[in-house]
Chemist: 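Handing you this structure, nothing more for now.
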Amino acid sequence: MIRFDVLTLFPDLFAGYLSQSLLKLAIQAGLVQVHLWNIRDWSKDKHQRVDDRPFGGGPGMVMMAEPVVDCVEAVRAKAEPAGRLLMMTPTGRRLDQRLVEELAAEPRLLLLCGRYEGFDDRIRQVLTPTEVSIGDYVCNGGEVPAMAVIDTTIRLIPGVLGDEGSAADDSHSEPGRLEYPQYTRPRTYRELDVPDVLLGGNHRAIAAWRREQSAKRSEESS
Ligand code: ADE
């Protein structure tokens with residue numbers, strides 16, 4: 001069981017994602033819990049504001065320290081253990097399969113999603129989160145990056161993929177290693193044939209072919 005607490009200004013963005021496919025089944029099976037919290041509910045402002053203009057000038061708005069820190073502390077206190085706090089930010093540690101494995105071993109993750117131009121730096125100073133980036137590009141907020149963290153992490157929770165799927169064969173399960181090509185019916189599509197070795201039922205030959213293809217792909221992409 002892994003528990004995610006998502007702290008966001010846009011909890012509704014998660015509704016579709018949570019109600020589909022693997023994640024839906026994992027939640028129903030009690031393997032994963034996802035709790036959504038609206039940071040705005042911790043605003044002390046009568047207009048429920050959670051952002052303000054940056055000191056020193058410049059474009060955009062900055063998430064204020066007080067409502068964000070209050071929200072994190074209140075959500076932490078709602079369950080045991082306190083959990084590991086992840087702050088979604090393009091300046092964070094790059095999410096790769098190594099980090100995903102590390103996160104999947106945690107019982108509870110709090111995912112803090114920002115909007116606007118960023119977070120007041122004192123949020124980082126007070127909460128010392130693990131700052132996580134999904135890549136060197138800027139999303140409109142931390143919500144899509146948080147979904148990427150949930151999506152990649154739950155695959156590694158025992159039982160989530162069921163008997164059939166195994167994350168051990170996935171691309172990147174070893175650093176830089178990419179998965180071999182897969183085929184299904186029909187045998188010929190637009191004059192492209194499925195490799196003969198896969199049709200022969202010789203499992204040793206198939207395994208050898210897959211290792212070879214996997215090595216070739218990994219080599220080509222590096
Ligand atoms: N917020 C905006 N862009 C992001 C990124 N690339 N990774 C994580 N959080 C973000």
Side-chain angles (χ1 to χ4, degrees), residues 2-18 20 22-23 32 34-43 48-73 75-76 82-106 108-157 170-172 175-176 221:
I2 184 166
R3 168 176 173 140
F4 297 94
D5 291 271
V6 183
L7 288 56
T8 169
L9 293 172
F10 301 94
D12 293 348
L13 281 177
F14 290 82
Y17 173 57
L18 293 177
Q20 299 294 313
L22 208 63
L23 183 52
V32 175
V34 183
H35 299 262
L36 301 171
W37 307 96
N38 193 333
I39 299 167
R40 210 173 285 288
D41 293 341
W42 279 269
S43 170
Q48 286 203 295
R49 282 179 56 171
V50 290
D51 62 312
D52 210 336
R53 289 179 314 238
F55 278 121
M61 302 292 268
V62 176
M63 301 267 291
M64 295 159 71
E66 195 178 22
V68 171
V69 172
D70 286 354
C71 176
V72 170
E73 289 178 343
V75 168
R76 277 215 144 125
R84 178 163 172 189
L85 177 64
L86 309 184
M87 178 191 255
M88 308 314 301
T89 164
T91 58
R93 170 174 167 193
R94 177 75 71 84
L95 184 71
D96 60 14
Q97 198 65 23
R98 294 286 81 71
L99 179 53
V100 171
E101 283 165 14
E102 203 180 300
L103 298 178
E106 301 276 352
R108 184 180 183 199
L109 295 170
L110 284 76
L111 308 180
L112 175 57
C113 307
R115 281 266 148 174
Y116 314 110
E117 305 309 299
F119 298 98
D120 185 310
D121 199 63
R122 289 166 296 186
I123 296 168
R124 207 176 53 73
Q125 295 173 39
V126 170
L127 297 171
T128 61
T130 302
E131 297 170 61
V132 176
S133 166
I134 60 165
D136 291 343
Y137 39 80
V138 179
C139 304
N140 287 320
E143 286 76 14
V144 167
M147 287 183 213
V149 168
I150 296 172
D151 213 80
T152 50
T153 305
I154 60 162
R155 297 176 57 74
L156 303 185
I157 304 301
D170 282 353
S171 295
H172 305 296
S221 81

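Counting convention: from 1, in listed order, for ligands and their atoms alike. For this chain, numbers begin at 1 and follow the sequence in order.
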Chemist: Would D120 and R122 pass as an ion pair if we require N to O under 4.0 Å?
Modeler: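 Yes, this pair counts.
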Chemist: Kindly say whether D151 contributes a backbone atom to a donor-acceptor pair with the side chain of Y17 at under 3.5 angstrom?
Modeler: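 A pair under 3.5 Å: yes.
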Chemist: Could you pull out all donor-acceptor pairs under 3.5 Å where a side-chain atom in residues 50-70 meets a protein atom, sequence neighbours excluded?
Modeler:
unit_1: D52; atom_1: OD1; unit_2: R49; atom_2: NH2; d: 3.3
unit_1: E66; atom_1: OE2; unit_2: K44; atom_2: NZ; d: 3.0
unit_1: D70; atom_1: OD2; unit_2: K44; atom_2: NZ; d: 2.9

Chemist: For ligand 1, list every N/O pair with the protein closer than 3.5 Å, one pair per line with the distance.
Modeler:
unit_1: ligand 1; atom_1: 3 (N); unit_2: C139; atom_2: N; d: 2.9
unit_1: ligand 1; atom_1: 6 (N); unit_2: G135; atom_2: O; d: 3.2
unit_1: ligand 1; atom_1: 6 (N); unit_2: Y137; atom_2: O; d: 2.8
unit_1: ligand 1; atom_1: 7 (N); unit_2: I134; atom_2: N; d: 3.0
unit_1: ligand 1; atom_1: 9 (N); unit_2: T89; atom_2: N; d: 3.1

Chemist: Could you verify whether a donor N or O on one side chain and an acceptor N or O on the other, from R93 and T130, lie under 3.5 Å apart?
Modeler: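 Note: R93 and T130 side chains miss the donor-acceptor criterion.
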Chemist: Could you give me the CA-CA distance, side-chain angles and deciding distance for E143 and T8, then say whether side-chain hydrogen bond (donor to acceptor under 3.5 Å, both in side chains) is met?
Modeler: CA-CA 7 Å; E143 286 76 14; T8 169; 2.6 Å; yes
Chemist: With a 3.5 Å distance limit and no angle check, can you tell me whether R3 reaches the backbone of R108 through a side-chain donor-acceptor pair?
Modeler: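 No, the answer is negative, given that no donor and acceptor are paired below the 3.5 Å cut-off.
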